[in-house]
Amino acid sequence: MDIVNILRDKILNSVNQLVDERNLKQPINMNNIVVERPKKQHQGDYSTNAAMVLGKALSSNPRDLGEIISLRLRDSELISNISLDGPGFLNITISPKFWDRLIYEINSSNNRYGEESFGGGKKVNLEYVSANPTGPLHLGHVRGAVFGDVLSRLLEFVGFKVTREYYVNDGGTQIGILVRTIYLRYLEKLGEVIEFPDESYPGDYLIPIAEKLIDKYGNKLKNLSEVERDNIIRSFSIEHMMEIIKADLKSLNIEMDNFFSEQAMIDSNAIDKSISALKDKGLIYTGIIDAPKGKIYADWKAREQLLFKSTEFDDDIDRPIKKSDGSWTYFAPDLAYHADKLNRGFDVVIDVLGADHSGYVSRLKAVINAFAEKNVEFEVKLVQLVKLIKNKKVLKMSKRAGDYILIQDLLKEVSSDVIRFVMLSRNNDIPLDFDIDLMLSKSKDNPVFYVNYAHARIVSVFKRAEELNIWPLSKIENFEKKNYTYMDSELALLKKLSEWPNVVKQSARYHEPHRIVYYLSELASSFHSLYQSSTDSIPYRFIVEGSKELCIKRLVLAKSTQIVIKNGLSILGIVPLDEMY
RNA sequence: GGUGACGUAGCUCAGCUGGAUAGAGCACCAGAUUUCGGCUCUGGGGGUCGAGGGUUCGAAUCCUUCCGUCAUCGCCA
């Protein structure tokens, strides 16, 4: 258990004692009791709202309760002072021993510092990317991909069992268009003059697939029946498109566990099965839905169609599952797909979708509610658009061929580590600007540089220390008994380091990996600040010749910082730089 | 028209899910260092948290009504 949690435990113990004595009937929610870093310096090192939470439950004065709690906590060897402030905050000043223990804990846990177990081995299905196999990934997909990948690492770090899943839309009408386009490319390569219809994919990226078709089949496809030919091209092109997408993902350090094929699901009759299951529950009927009011549909005709009664589960209208021509809507396979996820026994189901799917969320929730037999946590994370900026201009990503920015092209300019970091530098539901020039700049404006630079500085300090034969240490076992005194800028860094487990916990609990990025920037800032102060005064240097004990204290502090930076970046899927480029 | 998200400093955004005097970076102003790494650090000004109402000891956070932006509401996935 991390040191801040130990502190929290002590507080909870005192609260529990008090609850027993006051003979409290209703249970109080201990999760509401937090131990946090206060904003202001004079408010101590940590503070807790315990007395106020308890005050509410007991409906008595928080300040009186605070007095009692603080009296009980005073004995703890970790605490040097407690004061009761404001409406009932307990502001705690930590004894120096606390920091030695923190450092010991970080170094002995090393790459497991911050690890949690509250996931309890629960099974999570995390679906992300799920781009159609009709073209390479674009920047919007990348944001979702990175988000999902980092969330999966984060959830595993706190004890969940995560299945990373990609839903392959290989069954819809888009694929028909893909097949047709590739066939036209194929004919074009065979020397025919082709005019491409509006309903086709214009990008050059399909040409290599057409070439591969020729390698394999020569001009034989021309002689086959349309059905036979389409079948061949269909599986051939999906396979190759998915290879391109997988390669893109791999170059971003992203690997999926499972590719779930829509077509395979359709072939297994899963849609009919789940629809009839819903029918049995009385959730399917034939009816007419109204045209949306604020929008003009020139060719709107009221039609009877097959509907899913999602309003039963708080959706605002019932949702069509068959088109007028009798084929399934997009929603129908997705409905079956989510039923399938539940069948596989997941405890947590998370979809990472583009923000243009926002209108889709409530019907998916309805599906989950209609099918779930046990308590399943379902969440849709919507990822907003990414604007690519170069030379202070927005690069438009239209579907016309020339404007399509390939991931591989972007990777020629910036590393995948940079892309990953930037993609998480905003909350997922806020649009993001990806400024290429900024990401190439070597200054603190560039957050990736800033964090890496802190790490590189640490590595460089160790190099120097090794030359002087004071590093590495053989062991740090007694560090918790050192009783060092720490100066202000060291304390600031230590406090930042102590926040790490809580940052992990919060990010994982709320599925918000961007918090890790913010934290790392703050941590780097604390480190740079300390590093800088060493130029102001010799005692602040990491390597002080003639004082081995001081060196050790400072080097272990640097080491602790390195560990946390590494752990943080590792959740982001980034390897820190030892030397700046 | 319905639904959802968003609206916080000049700009870009955090804000630990109801806590203390609302924070950070950029930009601007003033300084320090250039030695372990190009850089970085320190300080300063700057706010009606879109607007009104409500809930309570306490609201940027919860409820409600408006305003604005975006997305979405049937054959595009």
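Computation of the quantities below employed the complete heavy-atom set of this structure, encompassing side-chain atoms and omitting hydrogens, waters and symmetry-equivalent molecules. Note on naming: letters A, B, ... go to the chains in the order of the sequence lines (proteins, then strands), and numbering restarts at 1 for each one. It should be emphasised that the depicted structure is a prediction, and the values quoted were computed from it without experimental measurement.
Considering only residues two or more places apart in sequence or on other chains, F260(A) meets the ring pair (Phe, Tyr, Trp, His ring centres under 6.0 Å) condition with Y337(A). With sequence neighbours left out, F449(A) forms a ring pair (Phe, Tyr, Trp, His ring centres under 6.0 Å) with Y453(A). With sequence neighbours excluded, the residues forming a ring pair (Phe, Tyr, Trp, His ring centres under 6.0 Å) with Y46(A) are F98(A), listed by chain and number. Residues satisfying the salt bridge (charged side-chain N to carboxylate O under 4.0 Å, His left out) test with E36(A), not counting sequence neighbours, are none. When the side-chain hydrogen bond (donor to acceptor under 3.5 Å, both in side chains) test is applied to H514(A), no partner is found at least two apart in sequence or on another chain. D45(A) is linked by a salt bridge (charged side-chain N to carboxylate O under 4.0 Å, His left out) to K495(A), counting only residues two or more places apart in sequence or in another chain. Applying the ring pair (Phe, Tyr, Trp, His ring centres under 6.0 Å) rule to Y166(A) yields the partners F259(A); only residues at least two apart in sequence or on another chain are considered.
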Nucleotide by nucleotide, nucleotides 5-17 of chain B touches protein heavy atoms under 4.0 Å in the pattern (B base, S sugar-phosphate only, - none) -------SSSSBB
Just list the side-chain donor-acceptor pairs under 3.5 Å for residues 354-369 of chain A, sequence neighbours left out, or say none.
{"unit_1": "S362(A)", "atom_1": "OG", "unit_2": "D315(A)", "atom_2": "OD1", "d": "2.8"}
{"unit_1": "R363(A)", "atom_1": "NH2", "unit_2": "G359(A)", "atom_2": "O", "d": "3.4"}
{"unit_1": "N369(A)", "atom_1": "ND2", "unit_2": "K365(A)", "atom_2": "O", "d": "3.3"}

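Near RNA chain B, meaning a heavy atom under 4.0 Å from it, residues 323-337 of chain A has K323(A), S324(A), Y330(A) in order of number. Using a 4.0 Å cut-off on heavy atoms, the residues of residues 438-451 of chain A that approach RNA chain B are K442(A), S443(A), K444(A), D445(A), Y450(A), listed by number.
Contact annotation for E499(A): no contact, since no heavy-atom pair falls under 4.0 Å across all strands.
You'll find a donor-acceptor pair under 3.5 Å spanning the side chain of S47(A) and the base of rA20(B), going by distance alone. On a pure distance criterion of 3.5 Å, no polar donor-acceptor pair joins the side chain of S358(A) and the base of rG4(B).
Paired runs in RNA chain B that reach 3 or more consecutive Watson-Crick or G-U pairs, where each pair keeps both distances under 3.5 Å, cover B:1-7 with B:67-73, B:10-13 with B:23-26, B:28-32 with B:40-44, B:50-54 with B:62-66.
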